[in-house]
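Worksheet for the structure shown next.
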Amino acid sequence: MLDIKVLRDDPERARQGALKKHFPARADAVDRALAVDAELRALIPVLDGMRAEQKQASKRIGALAPAERESFLAEQKAKKVELQKLEQKERELQDGLREALLQVPQVPDPEVPDGKDDAANLEVRRIGEPPVFDFEPLAHDDLAVSRGWLDVERAAQMAGSRNYLLFGDLALLQDAVLRFAVDHMVGKGFTAVDPPLLVRDEVMTGTGFFPGGEEQTYRVLEDGLNLIGTAEVPVTSIHAGEILDEATLPRRYVSRSMCFRREAGTYGKDTKGLYRVHQFQKVEQVVVDAADESKSRAHHEDIVRNSEEVLAALQLPYRVVAVCGGDLGVPQAFKYDIECWMPSRNAYGETHSASRFYDYQARRLKMRYRTTEGRKVIHCHTLNNTVLASPRILIPFVEVHQTADRRVRIPEALRPYLGGRELL
RNA sequence: GGAGAGAUGGCAGAGCGGCUGAUUGCACCACCUUGCUAAGGUGGCGUGGGGUUUUCGCCCCACCGGGGGUUCGAAUCCCCCUCUCUCCGCCA
């Protein structure tokens, strides 16, 4: 969330930010927050004064003579009732302020393109050429079914639509690309993490998914837990509530995990193949560092490059786009998507999403660090990016690398993960 | 799932209704002393909020796992939640 002080100083910035993200209701939350804040700030000095008075009074009680004591107690009791009433009010205001602040989105950076949906995303660069086939290429799912690698009907029988069964070489290929991605990141100094997949509401809130993302989340209400939609959630939360030593920053993590998404409100969208499914595996990179905008920007370029290196190794054509305001989430200040070329769509399709948050998540998570110089306590900055998500990545992989005889060519970098095979 | 014990500042560990935002040790910072690869002394050393000040700063409030409650007054008593440990049961 944003610092209430930032809102006080420049509420218009937060309002305009929410509007740029096409969140009109959340823009209103700015004014709600400020109204509650004003009321709260008027109340606090009054309460503090009353508490100070009470504190002094109660210290004198023991010394009083029994005669005076009784009337004094009666007086204190009366004041206490009044104080409790105001404290109740204070609690309500604090809850109201928090509720409103949680609604206020991170302000998008100036270079975020205007626009209401992904059609307005701006291409930053395009790497690699879409393949030209001298045969009729198949869509990934048709090819996979023909090879006995994929069965969505039986998956739907047991789990509903947007599910899949992977068999044989395709299941092994998935494991190979994921493991390759992890190894690549570990090689760059990232620490591998295997996190909890079921997390508490506060962790969802801390990373900015709640409030707002409840409908997209599989919730285990019986236990008050939520299935994560990305490892970003538990991994960014590792140091929640902590005050880290600046000397130990940045923290770089890479996590391979299952991800679960309800995909509510996407009925009829991307129903063919493995594009939009309820569960998938993802290798995610997360960076936590000191609150320095230029560092955050540098990290952002780094984590995008990391993923581009993986795509280069997998020999997949892709492009990088700057995500527009309307396509940005609540907590992001800026986001790059990487889109791989998907022949069956004759278009680029999103496969990666790289976000920088500045202190928006850290503030919610109460994740701070103590500066080496001056011993100040400051909220951290956080970032994350997909390294690889499967089965979606299998779409470009299988389609781009398919051969005329319905086989799949394996780029050299991946062969060690598939027993040296050059073709599947 | 059942029974019990516990959660205090970076760590260790006292306190168990008012004199405690908190004894003490370690760690850390500053200064002093001694001098030889380290010891001794003094002081400082949590977080958040509000107020005040032209600077250093000063004042007030809150916080002893989290949330309620009892009381004039709670780290200390009561209730709920979370977590940790021990024992029993169950199960991969």
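So that the names make sense, note that chain A is the first sequence line, chain B the second, and so on, each numbered from 1.
The residue A:K55 sits close only to the backbone: its heavy atoms come under 4.0 Å of sugar-phosphate atoms, none of a base. Among the atoms of the strands shown, only primed sugar atoms or phosphate atoms (P, OP1, OP2) are found under 4.0 Å from some heavy atom of A:Q54. Nucleic acid contact for A:E87: none, since no nucleic acid atom lies under 4.0 Å from a heavy atom of the residue. Counting any heavy atom pair closer than 4.0 Å across all strands shown, A:R8 reaches sugar-phosphate atoms only and no base atom. Across all strands, A:A57 comes closer than 4.0 Å to no nucleic acid atom at all (heavy-atom distances).
Counting to the nearest Å, the P atom of B:rC63 and the CG atom of A:L47 are 13 Å from each other. Rounded to whole Å, the distance from CD on A:E75 to P on B:rU71 is 18 Å. A:Q76 has its CD atom 17 Å from the P atom of B:rU70, to the nearest Å. Rounding to whole angstrom units, OH of residue A:Y369 and P of B:rG10 are separated by 18 Å. Summarising the geometry, the separation between CG on A:L43 and C1' on B:rC61 is reported as 12 Å, rounded to the nearest angstrom. The nearest whole Å value for the distance from the CD atom in A:E82 to the C1' atom in B:rC72 is 15 Å. Taking atom CG on A:L83 and atom P on B:rA74, their separation rounds to 10 Å, with Å as the unit. Following rounding to the nearest Å, A:M50 (CE) and B:rG73 (P) show an atom-to-atom distance of 12 Å.
A distance of 6.5 Å separates OG in A:S355 from CD in A:E232, rounded to the nearest 0.5 Å.
The nucleotide B:rA3 finds its pairing partner in B:rU86, both defining distances of the Watson-Crick or G-U wobble pair being shorter than 3.5 Å. The partner of B:rC11 is B:rG25, by the rule that a Watson-Crick or G-U pair needs both atom distances under 3.5 Å. When both distances must be under 3.5 Å, the Watson-Crick or G-U wobble mate of B:rG46 is B:rC63. Using the Watson-Crick or G-U wobble rule with both distances under 3.5 Å, B:rU54 pairs with nothing in any strand shown. Base pairing of B:rU71: no nucleotide in any strand meets the Watson-Crick or G-U wobble criterion (both distances under 3.5 Å). Across all strands shown, B:rC91 remains unpaired; no Watson-Crick or G-U wobble contact has both distances below 3.5 Å. As the counterpart of B:rA38, no nucleotide is assigned, since no Watson-Crick or G-U wobble pattern has both distances under 3.5 Å.
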Exercise for the section: Go through the steps for A:R219 and A:D201 under the test salt bridge (charged side-chain N to carboxylate O under 4.0 Å, His left out), then give the verdict. Expected result: CA-CA 9 Å; A:R219 311 194 68 185; A:D201 290 353; 3.1 Å; yes

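A donor-acceptor pair is defined here as one N or O able to donate and one able to accept, closer than 3.5 Å; such a pair exists between the side chain of A:D245 and the backbone of A:A247. Within the 3.5 Å criterion, the main-chain N or O of A:D289 finds no donor-acceptor partner in the side chain of A:H381. Side-chain atoms of A:T386 come within 3.5 Å of backbone N or O of A:S353 as a donor-acceptor pair.
Rounded to whole Å, the separation between the P atoms of B:rU82 and B:rG50 comes to 33 Å. Using atom C1' as the reference point in both B:rG46 and B:rC36, the two lie 37 Å apart (nearest Å). Rounded to whole Å, the separation between the C1' atoms of B:rU55 and B:rG15 comes to 41 Å. Using C1' as the reference atom, B:rC81 and B:rC28 are 36 Å apart when rounded to the nearest Å. Between the P atoms of B:rC77 and B:rG6, the separation comes to 10 Å (whole Å). Here the separation of B:rG66 from B:rG9, taken at their P atoms, is 10 Å to the nearest Å. Only the C1' atoms considered, B:rG17 is 8 Å distant from B:rG73, to the nearest whole Å. For the P atoms, the distance linking B:rG13 with B:rA7 amounts to 11 Å, nearest Å.
Ring geometry, A:Y336 versus A:H300: the interplanar angle falls from 30° to 60°, so the pair is classed tilted.
Checking the phosphate oxygens (OP1, OP2) of B:rG67, no side-chain nitrogen or oxygen of A:Q94 falls inside 4.0 Å. Taking 4.0 angstrom as the limit, A:K80 places a side-chain polar atom (N or O) nearer than this to OP1 or OP2 of B:rG73. Not one side-chain nitrogen or oxygen of A:R368 sits closer than 4.0 Å to the OP1 or OP2 atom of B:rG46. The side chain of A:R370 contributes no N or O atom lying less than 4.0 Å from OP1 or OP2 of B:rC28. Dashed line: the shortest gap from a side-chain N or O of A:R91 to OP1 or OP2 of B:rA62 is not under 4.0 Å.
For A:Q84, the listed nucleotide lying nearest its side chain is B:rU70; candidates were B:rG51, B:rU70, B:rC61. Comparing B:rC72, B:rA62, B:rG50 by their nearest atom to the side chain of A:R51 picks out B:rA62. Among the nucleotides B:rU82, B:rC72, B:rC60, the one closest to the side chain of A:R200 is B:rU82.
Positionally, the nearest nucleotide of RNA chain B for A:I243 lies more toward the 5' end than for the other of A:I243 and A:I4. Comparing A:E53 and A:I44, the nucleotide of RNA chain B nearest to each residue sits closer to the 5' end for A:I44.
With hydrogens and angles left out, the side chain of A:D48 and the base of B:rG49 share a donor-acceptor pair within 3.5 Å.
Minimum heavy-atom separation, A:Q106 to A:K21: O-NZ, 2.8 Å. Counting all heavy atoms, side chain and backbone alike, A:T207 lies closest to A:Q361 at O-NE2, 2.9 Å.
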